[in-house]
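Since the structure comes first, as structure tokens, the remarks are kept for the end.
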Amino acid sequence: MTPTIETLALEFSQRLRNYLTEEQMVDVVRRNLAETSPGICHSHDFCDANMFLYDVFMKYGMNPVEEGGMDRWGDLWDRAWNTAKGAGFNAD
């Protein structure tokens, strides 16, 4: 069963918030709000945030790095990331 975008975004946000300090998260959200390029996320200023989303995908057996993985899961990856980012990584 493929999880919803919202589930992926929520779990990604929770993992990121558990790793970064509250001050860092506030800074990530502030920087993202000021960012004019939609493809940039300032969580990368503090960590390799891809690994947190990767772990969430792997939890559901969706391996984006296997051959053809991003063809299969890339759109879901982008949508989950953008949903989390758009919500300010609010895991509540």
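Just so it is clear, the model here is predicted, and its values are computed rather than measured.
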For this session: Count the heavy atoms of every other residue, nucleotide or ligand shown that sit under 6.0 Å from CD of Glu66, and state whether that count exceeds 12.
Result: yes
What pairs of donor and acceptor atoms, side-chain ones from residues 5-12 against any protein atom, are under 3.5 angstrom apart with sequence neighbours left out?
residue, atom, partner, partner atom, Å
Thr7, OG1, Thr4, OG1, 2.8
Glu11, OE1, Lys59, NZ, 3.0
Glu11, OE2, Lys59, NZ, 3.4
Glu11, OE2, Tyr60, OH, 2.5

Exercise. Would Met51 end up clustered with Leu20 when hydrophobic side chains under 4.5 Å apart are linked, directly or stepwise?
Worked result: yes
Problem set entry | Worked verdict on Ser43 versus Phe52 for side chain to side chain contact (heavy atoms under 4.5 Å, CB included) | CA-CA 11 Å; Ser43 58; Phe52 296 108; over 6 Å; no
Check: residues 76-84 side-chain donor-acceptor pairs under 3.5 Å, at least two apart:
residue, atom, partner, partner atom, Å
Asn82, ND2, Asp78, O, 3.1
Thr83, OG1, Arg79, O, 2.7

For this session: Find out if a path of hydrophobic residues (ILVMFWY) with successive side-chain heavy-atom gaps under 4.5 Å connects Met70 to Phe57.
Result: yes
For this session: Give a yes or no answer on whether the side chain of Arg17 reaches the backbone of Met25 with a donor-acceptor pair at less than 3.5 Å.
Result: no
For this session: Following the transitive rule for hydrophobic clusters with a side-chain heavy-atom cut-off under 4.5 Å over Ile, Leu, Val, Met, Phe, Trp and Tyr, establish whether Val26 and Leu33 coincide in one cluster.
Result: no
Seminar exercise, completed: Between the NZ atom in Lys85 and the CG atom in Leu16, the distance rounded to the nearest 0.5 Å is 12.5 Å
For this session: With sequence neighbours excluded, give me every side chain to side chain donor-acceptor pair (under 3.5 Å) pair touching residues 21-42.
Result: Thr21-Gln24, Asp27-Arg30, Asp27-Arg31, Arg31-Asp45, Glu35-His42, His42-Asp45
